[in-house]
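Input: a single structure, listed below in structure tokens.
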Amino acid sequence: MSRNLLILFLLTPTIVDAQELFFQKSNVHILRTYVEGDETSYPIIELGGNERVMIEFDILSSNIADLEYNLRHCSADGTPSSLLPAEYANGFTLNPITDYAPSVNTMVEYINYRIGFPNDEVQMLLSGCYVVDIFYAGRPDSLVARTSFLVCEQLATIDVEIRKPQTSVDERHAQEIRLSVDCSNLPVTNYFEELSVAVLQNGNPYASRIGLKPKQIVGQQLIYSYSGDLLMAGGNEFRRLDLRYLHRAPINYNQVEYHAPFFHVTTPTDENRAFKPYFTETDQNGQFVIYAETVNKSFDDYYRFADYAFAHLTLAAEPALDGDVFVCGNFCHWQLDSTNMMHYNFQQHRYESDLFLKQGVYDYIYVHRNTFTEQVDLERYEGSHSETSNRYLFLVFFRPTTADYEQLVGVVQMDN
């Protein structure tokens with residue numbers, strides 16, 4: 001895997017294993033990293049601010065496991081910083097996980113674990129990327145999960161404009177980005193080597209740009225794009241999977257059945273949207289939220305009483321002879337593996353998949369990966385439109401030549 005793709009996965013809203021991309025044991029599910037109070041947010045907080053990053057996951061078991069976490073500072077590509085723990089954190093970087101609770105009245109039993117940063121045991125002292133390893137107590141080699149979050153200090157000013165391209169060839173499917181960075185508050189000596197700029201679209205690593213270099217330098221104003229030379233495919237609005245209802249599905253909704261010990265949810269067959277006109281739909285820009293409709297309205301902790309179910313998605317399409325088709329979104333951390341790969345049903349002339357998910361509302365799209373080139377095609381089944389609403393994230397990293405770590409000095413989020 002290339003270093004560039006590695007960085008993109010490290011910067012997605014739920015950032016995981018820098019070496020293996022996404023590592024989770026078979027009984028660990030729904031690993032999420034977000035800013036407390038907003039489940040669909042990027043896990044980015046300001047240094048010294050009042051916000052907290054939340055890390056949450058389930059272990060499918062009725063027994064509580066003794067788990068620990070270790071916090072470490074890294075560069076955006078996952079390379080450990082040349083710092084001692086005392087230089088980037090106040091307190092102990094190795095601590096037990098003490099916030100956990102068993103599921104309530106669910107068919108699938110699980111223990112929900114949560115960690116908040118900063119906390120009473122450890123506080124971050126520097127900006128940049130922080131990686132969190134989670135493992136069984138006293139066994140740091142027994143990795144259960146790995147995730148990351150970003151801490152920023154706004155030292156660089158990012159000026160950005162997202163617009164429809166002016167050229168007739170691109171205006172049907174692309175979005176143009178005008179981007180510049182003012183780094184007058186930074187002691188930069190080499191603008192091309194010490195600064196790194198990334199643009200993420202919906203946290204999707206296959207629809208993002210990293211390692212951008214300035215096209216022009218005017219004083220300490222760095223121009224990263226001229227008219228028409230930084231185009232991003234608009235993509236399409238995300239499809240929606242609603243798993244809130246398991247016990248009493250509404251009319252004309254998903255088909256829900258219970259085959260012990262699991263619920264099974266079958267959705268209507270999806271169509272190929274590649275050649276369909278653009279249609280406005282409300283989505284979560286690739287994210288998902290955990291939520292469950294329940295008869296007992298006194299519950300307000302969805303993380304504990306939301307159940308798990310198999311979601312059966314289907315896509316009407318001819319078989320792709322040059323690669324595989326996947327159901328993709330932030331729910332799978334944009335990974336393409338056996339858990340979200342679809343299989344072709346030649347009798348029904350459609351692709352089928354079985355996703356094991358917690359109750360909630362999920363955004364997803366269908367993507368194709370070429371077997372020979374490994375190139376990922378986001379448009380084969382979804383199409384692309386300049387009108388599509390996307391959430392863009394702009395990041396500026398700074399590492400002076402003589403520094404021991406990489407700072408995150410600029411962050412801007414914008415919905416077009």
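Worth knowing before you read on, the calculation uses all heavy atoms, side chains too, and leaves out hydrogens, waters and symmetry mates.
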Taking atom [atom1] of [X] as the centre, report whether more than 12 heavy atoms of other residues, nucleotides or ligands fall under 6.0 Å from it.
X	atom1	result
N50	CG	no
D38	CG	yes
Q216	CD	yes
F92	CZ	no
Q123	CD	yes
D120	CG	no

Does E387 have any side-chain contact (heavy atoms from CB on, under 4.5 Å) partners at least two apart in sequence or in another chain, and if so, which?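 Checked E387 against side-chain contact (heavy atoms from CB on, under 4.5 Å); matches are Y278, H385.
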
Among residues at least two apart in sequence or on other chains, which ones pass side-chain contact (heavy atoms from CB on, under 4.5 Å) with K213?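 Listed in chain order: F192.
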
What I want to check is whether the side chains of [X] and [Y] have a donor and an acceptor closer together than 3.5 Å.
X	Y	answer
E153	Q407	yes
Y302	Q359	no
S81	E406	no

Which residues satisfy the salt bridge (Lys or Arg N to Asp or Glu O under 4.0 Å) test with E271, sequence neighbours excluded?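 Once residues adjacent in sequence are excluded, the partners of E271 under the salt bridge (Lys or Arg N to Asp or Glu O under 4.0 Å) criterion are K276.
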
Please list, chain by chain and in numerical order, all residues satisfying salt bridge (Lys or Arg N to Asp or Glu O under 4.0 Å) with R369, sequence neighbours excluded.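 Testing R369 for salt bridge (Lys or Arg N to Asp or Glu O under 4.0 Å), a comparison that skips the adjacent residues, returns none.
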
So, using ring pair (Phe, Tyr, Trp, His ring centres under 6.0 Å) as the criterion, who are the partners of F57 when residues are at least two apart?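 F57 satisfies ring pair (Phe, Tyr, Trp, His ring centres under 6.0 Å) with Y113 only.
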
Y308: which residues meet the ring pair (Phe, Tyr, Trp, His ring centres under 6.0 Å) condition with it, sequence neighbours left out?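 Per chain and number, Y308 pairs via ring pair (Phe, Tyr, Trp, His ring centres under 6.0 Å) with H29, Y110, F356.
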
Establish, yes or no, whether a centroid distance under 6.0 Å links the rings of F331 and F288.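 Not under 6.0 Å, so no.
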
Could you state the interatomic distance from CG (D58) to CG (L60), rounded to the nearest 0.5 Å?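 Reported to 0.5 Å precision, the distance equals 7.0 Å.
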
Parallel, tilted or perpendicular: ring planes of F394 versus Y392, cut at 30 and 60 degrees: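 Parallel.
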
Kindly determine whether V188 and F398 satisfy side chain to side chain contact (heavy atoms under 4.5 Å, CB included), including the steps that lead there. CA-CA 8 Å; V188 183; F398 174 53; 3.7 Å; yes

